[in-house]
Protein chains: 4
Amino acid sequence: MARPRSDEKRNAILAAATRVIASQGLSASTAMIAKEAGVSNGSLFTYFETKADLLNRLYIELKEEIAEVVAKEPHQGTSLRDRTFHMWSRWGHWAVTFPEKQKALTLLTVSDDITPESHQAGHDAFREIRELIQLSSAHGPMRDIPLYFTTALMNGLSEATIHFMIEDPDNAAMHCVRGFEAFWRMLT
Amino acid sequence: MARPRSDEKRNAILAAATRVIASQGLSASTAMIAKEAGVSNGSLFTYFETKADLLNRLYIELKEEIAEVVAKEPHQGTSLRDRTFHMWSRWGHWAVTFPEKQKALTLLTVSDDITPESHQAGHDAFREIRELIQLSSAHGPMRDIPLYFTTALMNGLSEATIHFMIEDPDNAAMHCVRGFEAFWRMLT
Amino acid sequence: MARPRSDEKRNAILAAATRVIASQGLSASTAMIAKEAGVSNGSLFTYFETKADLLNRLYIELKEEIAEVVAKEPHQGTSLRDRTFHMWSRWGHWAVTFPEKQKALTLLTVSDDITPESHQAGHDAFREIRELIQLSSAHGPMRDIPLYFTTALMNGLSEATIHFMIEDPDNAAMHCVRGFEAFWRMLT
Amino acid sequence: MARPRSDEKRNAILAAATRVIASQGLSASTAMIAKEAGVSNGSLFTYFETKADLLNRLYIELKEEIAEVVAKEPHQGTSLRDRTFHMWSRWGHWAVTFPEKQKALTLLTVSDDITPESHQAGHDAFREIRELIQLSSAHGPMRDIPLYFTTALMNGLSEATIHFMIEDPDNAAMHCVRGFEAFWRMLT
DNA sequence: CATGAATGAGCGTTCATTCAT
DNA sequence: GATGAATGAACGCTCATTCAT
C-alpha cells in the first residue's frame, strides 16, 4: 500500500556500484555509491542490507549477465568450435562494451566479502557454458580432467584475453581471436 | 629518508603484511601489520612512506621472489619442454609452500594501489621467464603473437592451476602437471 | 490530529513500547516498537506525534495504572496501617506481575524526555495514595514535613523493595512485608 | 618512550562525560564528550575502548568517589548515630556540590550499559558504608534482614533526599536532616 | 487511515598519518 | 631511530520522521 520498492532504484544502485567500484576499487564508500545512484545514503540500505550484501548481489548479477549474454542466440547446428567461439566472442564483446562491469567483477572475484554461496551461485550461472566446454573437450586431451579444472583454465585465459581487448580496443577482435585459438588448442 | 638501518625490520614488516593481507584482505590496517611485525605503529612509516608504498614494495618483492625461485637451478642442456616444466613446477611449488604470499599477490595484482611503475617492475622481474616462453613458442602457433600476450595467457593458466594446487594440496603435483600440459598444448 | 480511530492500536503500541523498552532500554527504535506492536513504521506516528510523545504518554499511563491498581478495593473500615499495607502490597504485586512495566517506568522516570508536565501528571495520579500517606503520618514524627517529601521517601523505599521482589520472586511476599515494615517505622 | 598516556586527559574525558551526560542524558554522543574534554574524536577511544566502557568506568569512579568522600574524617569515638549522620551528610553535601555527578550517576545506575561486574565494583566500594549500617542496625528491628536489603532501602531514601537537596538548595541542610531522621527511624 | 520506502543527519568507531617524547 | 598517543576525516549503518501510494 506504500510506495513499492522500485527495481529501477535497485538497478541504479547496482549500476552505480559498478561504476564507482571500477574507478575507486572495493573500498568505494556506500555514500559515494548512493550519490552516484541518485539516491539517499540510507536508501541504499533499504535495497541491500549491508555493503557486503550489495557486493555479493552485484557479483552474482554480473556473473548471470555474462552467462545470459553468452548463451543468447546460440549457433545451433554449427560446429562445436564455431559455437564455442561464438560464446567466447560474445563474452569478450560484453567486456569491451562494459569495461567497468569487467573491472568490478575482477575485483569482486578475489574479494573476501564474496561468500562461498555467492561463488557457488556464480558458478551455477555458468552451467550452459560449462556444458559447451564439456562437449568440446569430450574427445580431446582433457577428456579425463574434471570439468571444474578445465573451466578454471578457460577463465584464466578469457580474463587475460579480455584484459588485452579492453586495454587495446582497436585490436579487440584480433586479441579475441588469438585468445580463442590458444584456448581451443589447449582444449582439443 | 635514507635507507633505514634495519633490513630485518623492513623484512619483518613485509612478511607481516603478507600474512595479514592474506587473511584480512587489502583493507588490513597498518596498525595490525605493525603489530604482527612486532614493530610499533609509527615505525612502519619510517620503512615505508605510506601504506600504498608498502603495498607496492610488497608486490614487487613477491614478483621478484617468484622470478628468482623459478630461475634457480635451471635445467640447462635438457629440452625446452623440460626446462619450462621445471619452471612451471617450481612456481607451483612456491605457491603451495607459501600460500599466503600467493594470496597476497593475487589481491595486490588487481589493486588500484599498485602503480603502473610497480606493474612494470613486476613485469621486468619476469624477464627470464619470458625469454624461456619466447624460445618455447618460437616455432609454434604463437610465434607471431606478441610475447606480452602469450605471457599474459600463461599467467592466467598458472594462476588457475595454482589455485587448484592450494585448494587441494594432496593432489597438487597432479594439478601442476595437468596445468602444464594444457599450457604446453596451447603454446606449441 | 483528532483522536485516531483505533484505541486498540494505540494500546498495542504502548504495550509494545513497554516490552521493547524493558528489554533494550530507551534507545529502542520506533521501528522496533511498531514491529512488536504489529503496526507499520508510519502508523506509530499517527498515534503519537513523536517518540518523546510516546514516551511521555507511556510514563503517564503506567503511573495511572499503578494508582488505579493500588486504589482498587480499598480496605475501608480497617486500620490505617492495614489500608496502607494493602496499598503497598498491591503495588508490589503489580510490579512482580508486570516486571516489564516496572522496568520501563524506572527508565522513564529518570529520562530527560519526560517533561515536567508529565511528571506533574504522574504525580497527580498518585493523589489517593498521597492522601493515605497524609492520614497515616498525621500524628507521627513526619507530621510537619511537606507531603511531597514524605511521598518521595516512600517512592524510594518502594522502588528498592520492588527491585528485590522482582529479582527474588520466590520470596517476594517476604520482601514486600519487610519493606513495608521499614516504611511504616519511618512514617509513624 | 612515546608520549605517555595522560591521566589528566583521561580525567578530562570522564569529567566531560559527567557534564554532558548530566545535561543531555546517556545518549550524549562521544563526539560531544570529546569536544567538551578538549580532546579529539579519536582520542577518546585511546582512553576508553568503547562508549560502554567509558560509561562503566565513569559509574565505578563516581561510586568510589562517594565512598571515599563519605568515609573521610570519620567521627571515631562518637555515637553510631552521629557517625552515620556524618556519613549521610557528607554524601548529601557531595551531591549538592556536584549535582552533575549525581545526575549522571542516577542515569548510569539504571542503564543497561552498566555490566553486572561494574555494579559489583560499585557495591564493593560501599563496603565501609555498609559496615556502618550493619553496626547501626545490629540491635534494632532490621537486625535479621540481609544487609543488602537494608542498604538498598538506604539508597532509596538517600537518593530521594538528595533529589530534594539539589532541587531546593537553600534548604538543603534541612532536607538532609529530615531524610536522615526518617532513615534512622527506619533503621533503629 | 495504513503502509513502508525515502531521507539525511548523526552515531560509534577505525585508520593512515603525524609528532611529542 | 623508536614509540605509541594524537588527530580528524571517513566509514558503514541507524533512526525519527515524512510522504507517495
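Convention: sequence-line order gives letters A, B, ...; per-chain numbering from 1. Source: prediction; values computed, not measured.
A/S118 and A/T115 share a side-chain donor-acceptor pair at under 3.5 Å.
Atoms CZ (D/R5) and P (F/dA6) sit 8 Å apart, rounded to a whole Å. Between D/R10 atom CZ and F/dA5 atom C1' there is a gap of 15 Å when expressed in whole angstrom units. Straight-line distance from the CG atom of A/D7 to the P atom of E/dA5: 13 Å, rounded to whole Å. As a whole-Å value, the separation of D/E8 CD from F/dA6 P is 11 Å. When the P atom of F/dC11 is taken as reference, atom CG of A/L26 falls 14 Å away, rounded to whole Å. The distance between atom CG of D/L54 and atom C1' of E/dG12, rounded to the nearest whole Å, is 12 Å. As a whole-Å value, the separation of B/L55 CG from E/dT17 C1' is 15 Å. Atom-to-atom, CD1 of A/I13 to C1' of F/dG12 comes out at 15 Å; the value is rounded to the nearest Å.
Side-chain atoms of C/L58 and C/I21, non-hydrogen and from C-beta on, do get closer than 4.5 Å to each other. A heavy-atom distance below 4.5 Å is found between the side chains of C/E65 and C/K101. Annotation: side chain of B/N56 is not in contact with side chain of B/L108 (no heavy-atom distance under 4.5 Å). Under the 4.5 Å side-chain criterion, counting only non-hydrogen atoms from C-beta, A/E117 is not in contact with A/Q120. Residues B/K63 and B/Y59 form a side-chain contact, since some pair of their non-hydrogen atoms from C-beta on lies under 4.5 Å apart.
Toward the 5' end of DNA chain F, the nearer of the two residues B/V39 and D/V39, judged by each one's closest nucleotide, is B/V39. For the pair B/N41 and A/S43, both in contact range of DNA chain E, the more 5′-proximal nearest nucleotide belongs to A/S43. Ranked by how close their nearest DNA chain E nucleotide is to the 5' end, A/G42 and C/L44 are led by C/L44.
Close to E/dA5, at under 4.0 Å from its OP1 or OP2, lies no side-chain N or O of A/T46. At the phosphate of E/dA16, OP1 or OP2 sits under 4.0 Å from a side-chain N or O atom of B/T30. Applying the 4.0 Å criterion to OP1 and OP2 of F/dA5, one finds that D/S6 has every side-chain N and O outside that range. OP1 and OP2 of F/dA6 both lie 4.0 Å or more from every side-chain N or O belonging to D/S40. Distances shown here put every side-chain N or O of A/K51 at or beyond 4.0 Å from the OP1 or OP2 atom of F/dC13. A/Y47 has no side-chain polar atom (N or O) that falls below the 4.0 Å cut-off from OP1 or OP2 of E/dA5.
No contact: A/F48 has no heavy atom under 4.0 Å from any strand. Residue-level contact check: C/T50 touches the backbone only, with heavy atoms under 4.0 Å from sugar-phosphate atoms and none from bases. Using a 4.0 Å heavy-atom criterion, one finds that D/A28 contacts the sugar-phosphate atoms exclusively. Residue contacts for A/A52: at a heavy-atom cut-off of 4.0 Å it reaches no nucleic acid atom on any strand shown. Across all strands, B/S29 comes closer than 4.0 Å only to sugar-phosphate atoms, never to a base (heavy-atom distances). At a threshold of 4.0 angstrom between heavy atoms, the contacts of A/K35 with the nucleic acid are absent.
Distance from the side chain of D/R3 is smallest for E/dC19 among the nucleotides E/dC19, E/dT17, F/dA2. Comparing atom distances between the C/F45 side chain and each of F/dA6, E/dA2, F/dT18 picks out F/dT18 as nearest. Residue A/P4 places its side chain closer to F/dT21 than to any other of E/dT13, F/dT21, E/dA6.
Rounding to the nearest 0.5 angstrom, the gap separating the CZ atom in B/R10 from the OG1 atom in B/T46 is 11.0 Å.
The partner of F/dA20 is E/dT3, judged by Watson-Crick or G-U wobble contacts that both fall below 3.5 Å.
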